[in-house]
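Here the structure comes first, spelled out in structure tokens, and everything after it is commentary.
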Amino acid sequence: MATNLSTALVPYHHHHPDTTHRRTLHFTTPFRLPTNKKRLAIFSNSSKKAPPPPAVDGEQNSPSLADQLKPLSTTTLSDQPNETQLLSKPKSTWVNPTKSKPSVLSLQRHKRSSSYSFNPQMKDLRQFAMKLNDCDESDFPSIIESIPHPPTRENALLILNTLRPWQKSLLFFNWVKAQNVFPIETIFYNVTMRSLRFGRQFHHIETLAFEMIENGIELDNITYSTIITCGKRCNLFDKAVEWFERMYKTGLMPDEVTYSAVLDVYAKLGKVEEVMRLYERGRASGWKPDSIAFAVLLKMFGEKADYDGIRYVLQEMKSIGIEPNLVVYNTLLEAMGKSGKPGLARSLFEEMVGSGIIPNEKTLTALIKIYGRARWARDALELWERMRVNSWPVDFILYNTLLSMCADLGLVDEAEKLFEGMKGSEKRKPDSWSYTAMLNIYGSGGHVEKAMFLFEEMLAKGVGLNVMGCTCLIQCLGRAKRINDLVRFFETAVKGGVTPDDRLCGCLLSVVSYCEGDDAMKVLSCLEQANPKLVAFVNLLCGGESVDFEGLKEEFKRVLSNTDVEARRPFCNCLIDICRNRGFDERAHELLYLGTIYGLYPGLHTKTKEEWRLNVRSLSVGAAHTAFEEWMGTLAKIVQRQESLPALFSANTGAGTHKFAQGLGSAFASHVEKIAAPFRETEGKSGFFVATREDLVSWVESRAPSVMT
DNA sequence: ATAGGGTTAG
């Protein structure tokens, strides 16, 4: 059965769908970026560019965004994309370069009404509103009767604007309506909705909106954008879209606030194509997106780890002449982090600082996180030092991110110093995140005593243990083979309210893989509480019960499809280790095969004309061993069939900078030495092993002469 | 704060 893997393994890269995430932009004109290093400094030259010509016509003559989008009002977003529209670069409507583009779309923001400042009653009304803010809801009806001045339109608006809790806003709004002294205009609904949005009361907002429709009160862009963003904040994205479509149908055109709010709704729904369709429609109609719209797009492509998308947005910004501001840079750095581009993030940060923008907490949090994940210790420490020297802003999240970075980089001393400093400070006492980061450091460094001490301290200080901290400690106790302590700790944690997740299960499973006998049974009984189906599968693998490959496949599929995506490969790695450590090598090969066909090991084997490479960086020792055996078995067959082979073979275990990959390189080295395979670690490239075709072929032939004849 | 849009933690 396991021989099937050889056919799956070798041509694997043909199946690897590594281009699927790239499709997001295929409907736009391919964009070009400079290919040299200047690309990083994409914004740095634009400051020398001439500023856009002044709008000589004056702004009041410019068509509003709504007017510009009019031609679109005949179609709604649910329409199928118009191919010709999508395939053409959104050309500016303003083709004559001598004529300036209209500087439309400056918002008509409502200024604070000047009547307020001349209102001598203002102070009284403010105080009254404060009293309403603070009062018990049941006292509201009696207090409202003591209103110091008559509820005229202006007075009512002033109070409504000062009320904070949504309950009070709603009570007051209803009271004003009942007084019936002036007609209720749109602004009253809008102000009330703002308060309701603050309290995430989508249902109440919707009720008010229907009331407006029923009473013939105009819903304007402010009303719609408030409804839409409230839906967004309440995670009622479908509702948000529904109200946007309703707005379209009434013929009211979105202005740029509504526009970016809706783009963000589609972005948060992951509907990249809808976002880009809407974006390009707007562009085609002369809309000039602003920083906020670009921040939305960058965030979306960042979430998708779509680097091409990010480049597209950068290109758009450059061509439109929008300089990134602090928020755009922050979003951009996050996006670069998510798409695995630490170098670009670093360049962008330098560009930002060079342009005179002072980084804030979010900027630094993003960058520290990126350097930690990339294991860039030098850059991380340098940045930390610059933070101190320049007195850049720091907050609690940044402190905790620094601790996590120390955990990623194994910087025990630095972390301890920072942690002690936090304990000594008044404002930033360590919380469960901080303790978790420390548990992570001690756990991955094997400092059991320190980790247990920290756990006791958490209990004493009443800092809640979370599931990640629990996972770190279990990993630590497991490695130290303190199984009785592990079981006791697990029981305590579960009783204390920790709900095991898939990572924790994966951690328990890995302890099972290197334990024997009673110890393994004890850990399995913990796992049984958290994930009985997983334990049933382990029993199926190793128990006396015979199961054929098809049965195994079905169960494997059932277990894995109920597992978080990021925990699937660790599960499979551990299961393979469990089989190998118990002598069920055949089962291990079957599991590797299953893992391969379900896409858990993308890029495991890559082939070029010159070189075939086995990439086991994300595999456990047992899984890597199994993959290597499989690879060699395949080679033996190819040699036997006298098919052509490349000149070079390589196996990449990685240098062990990642916590879970540590020891894989040395395990591989001793394995190839033991079986006398001709793989040698490359000088200066630790974790990278190569063999020539000649050496490998003669080794294969010497090893399995029976197969050759 | 003075009616509406964007960014921070395994």
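So that the names make sense, note that chain A is the first sequence line, chain B the second, and so on, each numbered from 1. All values below were derived from every heavy atom in this structure, side-chain atoms included, with hydrogens, water molecules and symmetry-related copies excluded.
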Requested in this report: Give A:Asn400 one of three labels, base, sugar-phosphate or nothing, depending on what nucleic acid heavy atoms sit under 4.0 Å from its own.
Outcome: base

Query - Distance-only donor-acceptor test, A:Asp290 side-chain atoms vs B:dG6 base atoms, 3.5 Å - result: no

Query - Polar side-chain contact A:Thr258-B:dG4 base: donor and acceptor under 3.5 Å - result: yes

Query raised in the report: According to the interplanar angle, ranging from 0 to 90°, do the rings of A:His447 and A:Tyr442 count as parallel (below 30°), tilted (30 to 60°) or perpendicular (above 60°)?
Result: perpendicular

Query raised in the report: Quick one: is B:dG10 close enough that its OP1 or OP2 comes under 4.0 Å of any side-chain N or O from A:Arg373?
Result: yes

Requested in this report: Apply the test side chain to side chain donor-acceptor pair (under 3.5 Å) to residues A:Asn400 and A:Ser434: give CA-CA distance (whole Å), side-chain angles for both, the deciding distance (0.1 Å), then the verdict.
Outcome: CA-CA 5 Å; A:Asn400 279 342; A:Ser434 326; 2.6 Å; yes

Query raised in the report: Given B:dT8, B:dT2, B:dA1, which nucleotide is nearest the side-chain atoms of A:Arg164?
Result: B:dA1

Requested in this report: Ignoring backbone atoms, establish whether A:Arg233 has a side-chain N or O less than 4.0 Å from OP1 or OP2 of B:dG5.
Outcome: yes

**Report entry** Nearest-angstrom distance from the residue atom CG of A:Asn330 to P of B:dA9
**Finding:** 12 Å

Requested in this report: Measure distances between side-chain N and O atoms of A:Asp220 and base N and O atoms of B:dG4, and say whether any donor-acceptor pair falls under 3.5 Å.
Outcome: no

Query raised in the report: For atom P, what is the distance between B:dA1 and B:dG5, given to the nearest Å?
Result: 15 Å

Report task. Could you tell me the separation between the CG atom of A:Asp431 and the C1' atom of B:dG10, rounded to a whole number of Å? Result -> 13 Å

Requested in this report: May I ask you to say what A:Ser404 touches in the nucleic acid, namely base, sugar-phosphate or nothing, with a heavy-atom cut-off under 4.0 Å?
Outcome: nothing

Query raised in the report: So, is A:Lys338 near the phosphate of B:dT7, with a side-chain N or O under 4.0 Å from OP1 or OP2?
Result: no

**Report entry** Separation of atom OH in A:Tyr435 from atom C1' in B:dA9, rounded to whole Å
**Finding:** 18 Å

Report task. Check whether any side-chain nitrogen or oxygen of A:Lys362 sits under 4.0 Å from OP1 or OP2 of B:dG6, and answer yes or no. Result -> no

Requested in this report: State which of B:dT2, B:dG4, B:dG6 makes the closest approach to the side chain of A:Thr226.
Outcome: B:dG4

Query raised in the report: Which part of the nucleic acid, if any, lies within contact of A:Thr471, taking any heavy atom under 4.0 Å across all strands shown: a base, the sugar-phosphate backbone alone, or nothing?
Result: nothing

Report task. Take the protein atom CE of A:Met130 and the nucleotide atom P of B:dT2, then report the distance between them rounded to whole Å. Result -> 13 Å

Query - Of the listed nucleotides B:dT7, B:dG5, B:dT8, the one nearest the side chain of A:Ser260 - result: B:dG5

Query raised in the report: Less than 3.5 Å between a donor and an acceptor, one on the side chain of A:Ser225 and one on the base of B:dG4, is that the case here?
Result: yes

Query raised in the report: When we call it a touch if two heavy atoms are under 4.0 Å apart, what does A:Val327 touch: a base, just sugar-phosphate, or nothing?
Result: base

Query raised in the report: Who pairs with A:Phe490 by ring-ring contact (aromatic ring centres under 6.0 Å, His included), at least two apart in sequence or on another chain?
Result: none

**Report entry** Length of the line joining A:Tyr259:OH and B:dG6:P, which is rounded to integer Å
**Finding:** 17 Å

Query raised in the report: According to a strict under-4.0 Å criterion, is A:Arg197 in side-chain N/O contact with OP1 or OP2 of B:dA1?
Result: no

Query raised in the report: Given atom CZ of A:Phe198 and atom P of B:dG5, what is their separation to the nearest angstrom?
Result: 11 Å

Query raised in the report: Which of the following nucleotides, B:dG5, B:dT7, B:dG6, is nearest to the side chain of A:Ala295?
Result: B:dG6

Query raised in the report: B:dG6 phosphate, OP1 or OP2: any side-chain N/O from A:Lys268 under 4.0 angstrom?
Result: no

Query raised in the report: Looking at B:dG10, does its base get a donor-acceptor pair with the side chain of A:Asp501 below 3.5 Å?
Result: no

Report task. Fit a plane to each ring of A:Phe188 and A:Phe182, take the angle between them on a 0 to 90° scale, and name the class: parallel (under 30°), tilted (30 to 60°) or perpendicular (over 60°). Result -> tilted

**Report entry** Side chain to side chain, A:Lys450 and A:Met438, heavy atoms closer than 4.5 Å
**Finding:** no

Query raised in the report: Does the base of B:dT2 carry an N or O that pairs as donor and acceptor with the side chain of A:Arg194 under 3.5 Å?
Result: no

**Report entry** A:Trp384 six-ring centre to A:Arg386 NZ/CZ under 6.0 Å and within 45° of normal
**Finding:** no

Query raised in the report: With respect to the side chain of A:Ile397, which nucleotide from B:dT2, B:dG6, B:dA9 is positioned closest?
Result: B:dA9

Report summary line: To the nearest angstrom, the NZ-C1' distance between A:Lys299 and B:dT7 comes to 7 Å

Report task. For A:Asp564 and B:dG10, give me the distance from atom CG to atom P, rounded to whole Å. Result -> 16 Å

Query raised in the report: How are the rings of A:Phe173 and A:Tyr189 set to each other: parallel, tilted or perpendicular (split at 30° and 60°)?
Result: perpendicular

Report task. With the side chain of A:Thr365 defined as its heavy atoms from C-beta on, choose the nearest nucleotide among B:dT2, B:dG5, B:dT8. Result -> B:dT8

